[in-house]
A.B. asks: 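Below is the structure I would like to discuss, written out as structure tokens.
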Amino acid sequence: MLNGELGNAVKKSMEILVALGEIYGADRLIDVISVQVAGVSYDNLGDAGLEFLDNLAKDGKVRVLTTLNPAGMDLENWQNLGISKDFADKQIKVIEAFRKMDIITTCTCTPYLIGNLPHFGEHIAWSESSAVAFANSVLGARTNREGGPSALAAALTGKTPNYGMHLDENRQAQVTVEVKGKLQTTSDFGALGYVIGNKIKNKIPFIIGIKQADIEQLKSFSASIATYGGTALFHIKGITPNKTKKPKEKITITKEDIASALNALNDESSEVDFVCLGCPHASIKELKKIANILKSKKVKTETWIATARPTKKIADIMGYTKMIEDSGAKFACDTCMVVAPLKGRFKSLATDSAKACFYGRSKNNFKVHVGTVEECINAAISGKWKS
Ligand code: F3S
């Protein structure tokens, strides 16, 4: 691979992996069975990124199951979301380059909901931080948080350097976190990720005191703890499958901590002109819930439901799509409120996602509000936060 016998794309990819392996002291390369590539939005890639992909696509084909992170627009319905034709033309070229490499061009941060689903102990190379935390922690697969180029290199070679999260010794918990008080909604779990992430940064927590958490709550938590702390792995006693020792260092999270996190994630502004649900991308269970709440109602603000296109296809079959679209809300498949080029279009975002608050503030200068799905939909209908 390294001497170019298998083509230029493989040679370039192997150079990236060898360099990474040397930097991190990896003893060898290992096989991966799944890849998820970030760096798909033309908003982030620009022309230089597109040229890099076009070059690899000349002779590169992926060797393992590979899907994409969200792109800068809905690939079928971009006009309806107010994306310019110039941007759309470039974004389509990006997707074409990936397709040429045999990558499945489903653009989602929840690949585990649409068939890119590794199982316990498998080595993978994923990029998106929330998906990485979910894969390591909830599925028990093993991945570092790859950059776009290193994930693509893993896809084109089927290999990754053996370091970091691939090794047993780096997957042990470092802090015990006792959670007091009941968490109920995805926004509560997002707030918990905010609190723990801010307190322990990128240390690995062993969390006790949570009796139950469904997939939607765990994906919200994965996104939030990775955003506010940076860890790629967490353990929740009785819920996640990895074995770990219980660390002596301990912190406690109270229900007051959760309340003050929710407070910190809400800016002072009562107006809402943009509502976005589905960060990380909504599951079919969430789409069903949103459809039932929106049934026979009309939204006043621009309202996006971000999800993977295959998940929307199920919603089409079940009639949820019609219920959602009849209200005036729009699907944002293949994309999300963070990777789409939205700067300057809106002032105030309402969402159930703590992660979306972080990027809404930092990338797009939005005022942000976080709350339950019901509260967000009320804001979409009234244009006001909790009026
Ligand atoms: Fe996914 Fe976009 Fe949120 S990539 S995790 S919906 S910021």
Side-chain angles (χ1 to χ4, degrees), residues 36-45 67-75 81 83 91 94-95 105-114 116 126-138 143 145-148 151 186-187 189-191 193-194 197 215-232 265 274-283 286-287 290 303-312 330-343 346 349-364 366 368 370 373 376:
Q36 191 245 4
V37 177
V40 179
S41 174
Y42 177 73
D43 201 31
N44 301 329
L45 282 168
T67 55
L68 296 174
N69 211 35
M73 63 182 200
D74 187 310
L75 299 174
L81 301 183
I83 302 294
Q91 184 63 72
V94 168
I95 299 298
T105 53
T106 297
C107 302
T108 182
C109 50
T110 56
Y112 46 88
L113 295 178
I114 56 99
N116 189 353
W126 286 15
S127 309
E128 152 58 32
S129 65
S130 68
V132 164
F134 189 96
N136 275 320
S137 314
V138 181
T143 178
R145 183 176 169 179
E146 302 292 345
T186 46
S187 47
F189 275 81
Y194 172 95
I215 292 295
E216 288 71 20
Q217 291 162 337
L218 290 168
K219 83 176 163 65
S220 175
F221 179 69
S222 298
S224 178
I225 193 167
T227 299
Y228 292 98
T231 187
L265 289 167
F274 186 38
V275 174
C276 203
L277 298 169
C279 170
H281 273 176
S283 67
E286 288 174 305
L287 293 185
I290 293 165
T303 302
W304 287 15
I305 315 298
T307 192
R309 188 161 300 282
T311 312
K312 178 178 171 283
K330 299 170 183 174
F331 274 91
C333 296
D334 323 304
T335 188
C336 79
M337 75 302 269
V338 169
V339 292
L342 292 180
K343 205 164 186 177
F346 305 106
L349 167 74
T351 174
D352 69 328
S353 163
K355 175 175 178 174
C357 290
F358 179 87
Y359 287 103
R361 281 172 175 161
S362 61
K363 184 175 178 235
N364 288 326
F366 296 152
V368 298
V370 73
V373 171
C376 292

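Just follow the structure's listing: the first ligand is 1, and inside any ligand the first atom is 1. Values below: all heavy atoms of this structure, side chains included; hydrogens, waters and symmetry mates excluded.
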A.B. asks: Please list, chain by chain and in numerical order, all residues satisfying side chain to side chain contact (heavy atoms under 4.5 Å, CB included) with Ala151, sequence neighbours excluded.
C.D. replies: Val35, Val37, Ser127, Glu146
A.B. asks: Sub-3.5 Å donor-acceptor pair from the side chain of Ser353 to the main-chain atoms of Ala356, do we have one?
C.D. replies: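 Such a contact is found between Ser353 side chain and Ala356 backbone.
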A.B. asks: Would you say Ser224's side chain and Gly190's backbone share a donor-acceptor pair under 3.5 angstrom?
C.D. replies: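 Here the side-chain-to-backbone pair exists.
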A.B. asks: Please identify each residue that fulfils side-chain hydrogen bond (donor to acceptor under 3.5 Å, both in side chains) with Arg309, with sequence neighbours left out.
C.D. replies: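 Counting only residues at least two positions away or on another chain, Arg309 forms a side-chain hydrogen bond (donor to acceptor under 3.5 Å, both in side chains) with Asp74, Glu76, Asp334.
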A.B. asks: Below 2.8 Å of atom 1 (Fe) of ligand 1, tally up the protein N/O/S atoms for me.
C.D. replies: 1
A.B. asks: Taking side-chain hydrogen bond (donor to acceptor under 3.5 Å, both in side chains) as the definition, give me every residue that meets it alongside Ser220, ordered by chain and number, with sequence neighbours left out.
C.D. replies: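 If we apply the side-chain hydrogen bond (donor to acceptor under 3.5 Å, both in side chains) test to Ser220, skipping adjacent residues, there are no hits.
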A.B. asks: Any donor-acceptor pair under 3.5 Å linking the side-chain atoms of Thr186 with those of Glu216?
C.D. replies: no
